[in-house]
> 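What follows is a structure written as structure tokens; I'll ask about it next.
Side chains are part of it too, since the values below use all heavy atoms of this structure and drop only hydrogens, waters and symmetry mates. For this chain, numbers begin at 1 and follow the sequence in order. All values derive from a computational prediction rather than experimental measurement.
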Amino acid sequence: MIVTAIDGFRELSRKLMEIVENSSVKMTPSSLEKMLWRERVVNRRELRTALRMLVESGELTYSNVFGTTYIEKSYNRPVRIGQHVILTPPERDARYSAPDIAVILKPGASFGVGQHATTRLAVEGVEYTLQELFAGRDIPDKTMLDIGTGSGVLALTALKMGIRRVTGTDIDPCAVAEATENAVLNGMSERFIIMDLPAESIEERFHMIAANLRYPTLMRLSDYISEHIHPQGAVILSGIRGDEAEKLKTRYAELSLKCLREKAANGWNGLVFIK
């Protein structure tokens with residue numbers, strides 16, 4: 001009976017994590033409780049105990065937005081994104097071994113420390129490109145452009161996976177400052193060039209271009225991206241709602257960019273193209 005009780009509690013904890021991680025909207029503790037109560041999964045006492053233990057263990061955390069309390073996955077600890085990428089705050093020790101890599105990110109105001117599905121999809125797109133799409137290809141001094149770099153997470157992931165140099169652009173001064181600090185924390189300040197300029201002002205061509213931005217901006221940048229990606233180069237896009245993906249794929253196909261990978265999560269889509 002003890003084993004059964006322990007197994008039941010583990011299953012409840014797993015289900016709670018799955019619901020929180022896969023929800024397309026922020027979950028409040030009460031909405032989570034009502035969902036499981038309607039499904040007759042568990043009684044309130046067991047649910048509250050499981051939530052408390054997941055928070056105490058650092059798996060989940062409470063956040064407060066305009067007076068409403070939400071329960072979310074915690075990123076104030078090492079968290080695996082994709083197969084081999086671990087995002088970790090500077091004060092936490094991420095234990096890993098090759099082929100895993102650890103990207104140190106200081107929590108701040110800039111977008112892109114892993115909480116949002118679009119960031120995770122973009123990181124997975126970078127990982128797919130470098131470990132599968134570019135596998136076995138001899139491309140010396142591979143370069144990347146990260147448009148709207150935010151925290152710098154995509155650039156730092158690419159650098160630690162073999163890209164030689166990344167140019168990151170962002171017109172938000174806060175993002176530029178935080179990406180610069182994260183570059184120092186990861187020992188990548190000499191290889192990660194951060195500019196507070198619009199991407200269109202950069203005339204260089206790149207082997208990879210990444211942009212985790214919203215649909216109108218990705219459409220507006222389509223000509224620029226097509227003109228500044230090397231032949232056989234890869235384009236990683238995220239920040240796309242499901243009903244926008246087909247329009248983007250059609251537009252980029254008109255510019256000789258073929259979609260090789262599409263993945264959805266929490267109502268968002270990530271795309272990888274090759275020129």
> State, yes or no, whether a side-chain contact exists between Met161 and Gln131 at a heavy-atom distance under 4.5 Å.
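Counting from C-beta outward, Met161 and Gln131 do come under 4.5 Å.
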
> Using a 4.5 Å cut-off on heavy atoms from C-beta on, say whether the side chain of Leu221 contacts that of Ile147.
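The answer is yes; the side chains approach within 4.5 Å.
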
> Check Arg120 with Glu124, please: is the shortest side-chain N to carboxylate O separation under 4.0 Å?
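Looking at Arg120 together with Glu124, the answer is no, because their closest N to O distance does not fall below 4.0 Å.
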
> Step by step, would you call Val166 with Arg191 a side-chain contact (heavy atoms from CB on, under 4.5 Å)?
CA-CA 6 Å; Val166 177; Arg191 295 165 55 195; over 6 Å; no

> Do Asn269 and Glu262 meet the criterion of a side-chain donor-acceptor pair at a distance under 3.5 Å?
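Yes, because at least one side-chain N or O of Asn269 sits under 3.5 Å from a partner of the opposite role on Glu262.
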
> Can you see whether Asn186 engages Lys160 through a side-chain donor-acceptor pair at a distance of less than 3.5 angstrom?
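Asn186 vs Lys160: donor-acceptor pair found between side chains.
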
> What pair of heavy atoms forms the shortest contact from Phe192 to Ala179, and how long is it?
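Distance-wise, the nearest heavy atoms are CE2-O, 4.2 Å.
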
> Are Leu121 and Leu218 co-members of a hydrophobic cluster defined by side-chain heavy atoms under 4.5 Å apart?
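The answer is no; the residues belong to distinct hydrophobic clusters.
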
> Distance check, rounded to the nearest 0.5 Å: Ile229 atom CD1 versus Ser256 atom OG?
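The OG atom of Ser256 is 13.0 Å from CD1 of Ile229, to the nearest 0.5 Å.
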
> For a quick test of reading the model, state the closest non-hydrogen atom pair linking Ile71 to Val20 and the distance between them.
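That would be O-CG1, 3.8 Å.
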
> Please test Glu18 against Arg14 for salt bridge (Lys or Arg N to Asp or Glu O under 4.0 Å), starting from the C-alpha separation and ending with a verdict.
CA-CA 6 Å; Glu18 182 180 278; Arg14 185 201 62 77; 2.9 Å; yes

> Does the pair Tyr224 and Ile202 meet the rule for a side-chain contact (heavy atoms from CB on, under 4.5 Å), with working shown?
CA-CA 10 Å; Tyr224 172 82; Ile202 299 171; 3.6 Å; yes

> Can a salt bridge be assigned to the pair Lys249 and Glu246 using a cut-off of 4.0 Å between side-chain N and carboxylate O?
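A salt bridge is present here (some side-chain N lies under 4.0 Å from a carboxylate O).
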
> Taking Leu185 as the starting point, is it possible to reach Leu105 by hopping between hydrophobic residues whose side chains are less than 4.5 Å apart?
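Leu105 and Leu185: separate clusters.
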
> Which side-chain N or O atoms in residues 80-89 pair as donor and acceptor under 3.5 Å with protein atoms at least two apart or in another chain?
unit_1	atom_1	unit_2	atom_2	d
Arg80	NH1	Gln83	O	2.7
Arg80	NH1	Asp100	OD1	3.2
Arg80	NH1	Asp100	OD2	3.2
Arg80	NH2	Asp100	OD2	2.8
His84	ND1	Asp100	OD1	3.0
Thr88	OG1	Arg92	O	3.3

> Do the side chain of Arg241 and the main chain of Arg214 share a donor and acceptor less than 3.5 angstrom apart?
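Checked: no pair found.
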
> So do the side chains of Asp170 and Asp146 get within less than 4.5 Å of each other, counting heavy atoms only?
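Not in contact.
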
> Once you round to the nearest 0.5 Å, how far does CD1 of Ile240 lie from CG of Asn212?
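These two atoms lie 8.5 Å from each other.
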
> Pair Glu132, Arg261 - check salt bridge (Lys or Arg N to Asp or Glu O under 4.0 Å), show working.
CA-CA 11 Å; Glu132 296 187 41; Arg261 183 179 191 268; over 6 Å; no

> Can you establish whether the number of heavy atoms outside Glu204 located under 6.0 Å from its atom CD is more than 12?
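Counting other residues, nucleotides and ligands, CD of Glu204 exceeds 12 neighbours.
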
> We want to know whether Lys275 and Ser226 form a side-chain donor-acceptor pair, criterion being a heavy-atom distance below 3.5 angstrom.
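Looking only at side-chain atoms, Ser226 and Lys275 do form a donor-acceptor pair, the distance falling under 3.5 Å.
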
> Just verifying a value: how many Å separate Ile171 CD1 and Met195 CE, rounded to the nearest 0.5 Å?
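These two atoms lie 15.5 Å from each other.
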
> Working to the nearest 0.5 Å, report the span between NE2 of His116 and OG1 of Thr119.
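The OG1 atom of Thr119 is 7.5 Å from NE2 of His116, to the nearest 0.5 Å.
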
> Where is the tightest heavy-atom contact between Ala102 and Tyr96, given as atom of each residue plus distance?
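For Ala102 versus Tyr96, the nearest heavy atoms are CB-CE2, 3.4 Å.
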
> Spell out, as yes or no, whether a donor-acceptor pair under 3.5 Å connects the side chain of Arg165 to the backbone of Asp141.
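Side chain of Arg165 to backbone of Asp141: no pair is present.
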
> For Ile236 and Thr129: C-alpha separation, side-chain torsions, deciding distance, then whether side-chain contact (heavy atoms from CB on, under 4.5 Å) applies.
CA-CA 8 Å; Ile236 298 103; Thr129 298; 3.7 Å; yes

> Does Leu271 share a hydrophobic cluster with Met219, counting links as ILVMFWY side-chain heavy atoms below 4.5 Å and allowing steps through other members?
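The answer is yes; both residues are in one hydrophobic cluster.
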
> Hey, what do you get for OG1 (Thr180) to CD1 (Ile194), rounding to the nearest 0.5 Å?
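Answer rounded to 0.5 Å: 3.5 Å.
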
> Examine Val272 and Leu257 and state if one hydrophobic cluster contains both, with Ile, Leu, Val, Met, Phe, Trp and Tyr joined whenever side-chain heavy atoms are less than 4.5 Å apart.
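No.
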
> According to a 4.5 Å side-chain heavy-atom criterion applied to Ile, Leu, Val, Met, Phe, Trp and Tyr, with indirect links allowed, do Tyr128 and Leu237 form part of one hydrophobic cluster?
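Each belongs to a different hydrophobic cluster.
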
> I need the single residue from Ile209, Ile225, Val235 that forms a side-chain contact (heavy atoms from CB on, under 4.5 Å) with Leu145. Which is it?
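Of the listed residues Ile209, Ile225, Val235, the side-chain contact (heavy atoms from CB on, under 4.5 Å) partner of Leu145 is Ile209.
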
> Report the residue from Thr157, Thr143, Leu130 that forms a side-chain contact (heavy atoms from CB on, under 4.5 Å) with Ile163.
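Checked Thr157, Thr143, Leu130 against Ile163; only one passes side-chain contact (heavy atoms from CB on, under 4.5 Å): Leu130.
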
> Quick check: does any side chain N or O of Asn182 sit under 3.5 Å from a backbone N or O of Lys106, one acting as donor and the other as acceptor?
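At least one qualifying donor-acceptor pair exists.
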
> So with a 6.0 Å cut-off around CG of Leu197, is the heavy-atom count from everything else above 12?
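Count over threshold, so yes.
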
> Using a 4.5 Å cut-off on heavy atoms from C-beta on, say whether the side chain of Thr149 contacts that of Thr169.
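Result no, sub-4.5 Å side-chain heavy-atom pair not found.
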
> Can we say Arg220 and Glu200 salt-bridge, meaning some charged N sits less than 4.0 Å from an Asp/Glu carboxylate O?
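The answer is yes: the pair qualifies as a salt bridge.
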
> Do the non-hydrogen side-chain atoms of His230 and Met208 ever get within less than 4.5 Å of each other?
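Side chain of His230 against side chain of Met208, heavy atoms only: no contact under 4.5 Å found.
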
> I'd like to know if Arg251 and Glu254 make a salt bridge, using a cut-off of under 4.0 Å between side-chain N and carboxylate O.
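Salt bridge present between Arg251 and Glu254.
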
> In Å, rounded to the nearest 0.5 Å, how long is the span from NZ of Lys258 to CG of Leu260?
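Lys258 atom NZ to Leu260 atom CG measures 6.0 Å (nearest 0.5 Å).
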
> Within the structure provided, determine whether Lys142 and Phe134 are in side-chain contact (heavy-atom separation under 4.5 Å).
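Of all side-chain heavy-atom pairs linking Phe134 with Lys142, at least one is under 4.5 Å.
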
> Any heavy-atom pair between the side chains of Arg164 and Met144 that's under 4.5 Å?
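Sidechains of Arg164 and Met144: no contact.
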
> With the side chain counted from C-beta on, respond yes when Tyr62 and Pro29 share a heavy-atom pair under 4.5 Å apart, and no when they do not.
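The answer is yes; the side chains approach within 4.5 Å.
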
> Please test Gln232 against Arg137 for side-chain contact (heavy atoms from CB on, under 4.5 Å), starting from the C-alpha separation and ending with a verdict.
CA-CA 10 Å; Gln232 298 302 306; Arg137 289 171 55 182; 3.2 Å; yes

> For Lys26, is there an ion pair with Glu72 - N to carboxylate O distance below 4.0 angstrom?
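Yes, this pair counts.
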
> I'd like to know if the side chain of Thr217 reaches the main chain of Leu213, judged simply by a donor and an acceptor atom lying under 3.5 Å from each other, with no hydrogens or angles considered.
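The answer is no, because no donor-acceptor pair under 3.5 Å joins these two groups.
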
